[in-house]
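Shown next, in structure tokens, is the structure this report addresses.
In what follows, every heavy atom counts, from backbone to side chain, and hydrogens, waters and symmetry copies are set aside.
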Amino acid sequence: MSYIDGFVIAVPTANKQKFIDHANTGDSVFMEYGATRVVECWGDDVPAGKQTDFQRAVQGKEDETIVFSWIEWPDKATRDAGFKKMMEDPRMDPEKNPMPFDGARMIYGGFQPIVELGST
């Protein structure tokens with residue numbers, strides 16, 4: 001069964017192209033190490049909630065845009081092996097591919113799908 005890693009981050013809106021460049025480099029590494037799909041989504045309609053919302057979850061600021069991303073893997077074992085290789089890959093070194101956002105405010109997690117509709 002597939003496995004999904006999900007991410008929510010606040011990216012300075014002025015860094016949109018830097019984020020795209022960063023993602024193109026990093027996401028290709030995920031694909032090389034077994035991911036079947038990587039999706040990076042730039043916030044377009046991210047409403048404020050009454051109790052909580054994406055913006056508050058990552059302490060987003062006025063000059064930041066929320067990015068919602070996920071990585072699809074064939075299974076958790078492939079994901080675990082891919083992440084291990086990725087952590088050792090020099091292309092992922094923050095000195096060579098710096099994050100154009102505050103990584104300390106990123107939220108992420110691994111998820112086992114329990115309902116899937118549509119084509120895969």
Side-chain angles (χ1 to χ4, degrees):
M1 178 174 261
S2 63
Y3 196 79
I4 310 295
D5 282 307
F7 306 85
V8 179
I9 56 178
V11 177
T13 302
N15 286 357
K16 184 176 183 180
Q17 189 57 52
K18 287 180 184 177
F19 175 80
I20 292 168
D21 296 342
H22 172 80
N24 280 326
T25 299
D27 294 352
S28 64
V29 175
F30 289 121
M31 296 296 292
E32 185 178 322
Y33 293 138
T36 57
R37 185 172 183 224
V38 180
V39 180
E40 307 280 3
C41 303
W42 192 257
D44 178 57
D45 184 12
V46 185
K50 291 185 180 183
Q51 303 250 341
T52 191
D53 53 43
F54 282 110
Q55 197 82 10
R56 282 184 268 191
V58 294
Q59 300 173 349
K61 300 173 182 150
E62 287 276 327
D63 63 342
E64 294 178 321
T65 299
I66 301 302
V67 172
F68 175 64
S69 307
W70 68 92
I71 304 170
E72 297 177 15
W73 302 91
D75 51 52
K76 190 171 189 299
T78 303
R79 179 266 206 166
D80 290 348
F83 258 84
K84 185 175 188 300
K85 291 176 187 173
M86 186 226 30
M87 296 304 283
E88 299 165 356
D89 193 300
R91 294 171 289 179
M92 299 305 284
D93 181 345
E95 294 290 318
K96 295 179 181 156
N97 187 19
M99 291 186 292
F101 56 87
D102 180 2
R105 293 186 286 137
M106 173 173 57
I107 59 172
Y108 61 93
F111 300 87
Q112 190 86 56
I114 57 173
V115 175
E116 291 188 47
L117 302 175
S119 61
T120 56

Closest non-hydrogen atom pair between [X] and [Y], with its separation:
X	Y	answer
S2	E116	OG-OE2, 3.2 Å
G60	A10	CA-CB, 4.0 Å
P113	I4	CG-CG1, 3.9 Å
S69	C41	OG-N, 4.3 Å

Can you find a pair of side-chain heavy atoms, one from [X] and one from [Y], that are under 4.5 Å apart?
X	Y	answer
D5	F83	yes
Y3	D75	no
V46	D53	no

Sequence neighbours left out, cut at 3.5 Å: what donor-acceptor pairs do the side chains of residues 25-35 make with other protein atoms?
residue : atom : partner : partner atom : Å
T25     : OG1  : D21     : O            : 3.3
S28     : OG   : N24     : O            : 3.3
S28     : OG   : T25     : O            : 2.7
E32     : OE1  : R91     : NH1          : 2.9
E32     : OE1  : R91     : NH2          : 3.0
E32     : OE2  : R91     : NH2          : 3.2
Y33     : OH   : D89     : OD2          : 2.6

Within 6.0 Å of CE in M87, more than 12 heavy atoms from elsewhere |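 12 or below, so no.
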
So, T36 side chain and E72 main chain: donor-acceptor pair closer than 3.5 Å or not?
->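 Present.
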
Under 3.5 Å, side chain of R79 to main-chain N/O of I71, donor-acceptor pair present?
->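 Between the backbone of I71 and the side chain of R79 there is no qualifying donor-acceptor contact (under 3.5 Å).
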
To the nearest 0.5 Å, tell me how far [X] [atom1] sits from [Y] [atom2].
X	Y	atom1	atom2	value
D44	I66	CG	CD1	13.0 Å
M99	M92	CE	CE	9.5 Å
K50	T52	NZ	OG1	14.5 Å
K61	T13	NZ	OG1	12.0 Å

Say whether [X] and [Y] are linked into one hydrophobic cluster, either directly or through other cluster members, by side-chain heavy-atom distances under 4.5 angstrom.
X	Y	result
Y108	V8	no
M106	V11	yes
F7	W70	no
V39	V58	yes

Who passes side-chain hydrogen bond (donor to acceptor under 3.5 Å, both in side chains) against E64, sequence neighbours left out?
->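 Expected list: R105.
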
For the residue pair H22 and F101, categorise the inter-ring angle as parallel (less than 30°), tilted (30 to 60°) or perpendicular (more than 60°).
->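 H22 and F101: perpendicular rings.
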
Could you walk me through whether F19 and I9 pass side-chain contact (heavy atoms from CB on, under 4.5 Å), step by step?
-> CA-CA 11 Å; F19 175 80; I9 56 178; 3.5 Å; yes

For residues W42 and E40, is any side-chain donor paired with an opposing acceptor at under 3.5 Å?
->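 Note: W42 and E40 side chains miss the donor-acceptor criterion.
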
Name all residues meeting the salt bridge (Lys or Arg N to Asp or Glu O under 4.0 Å) criterion together with D80; count only those two or more places apart in sequence or in a different chain, and write none if there are none.
->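 If we apply the salt bridge (Lys or Arg N to Asp or Glu O under 4.0 Å) test to D80, skipping adjacent residues, the hits are K76.
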
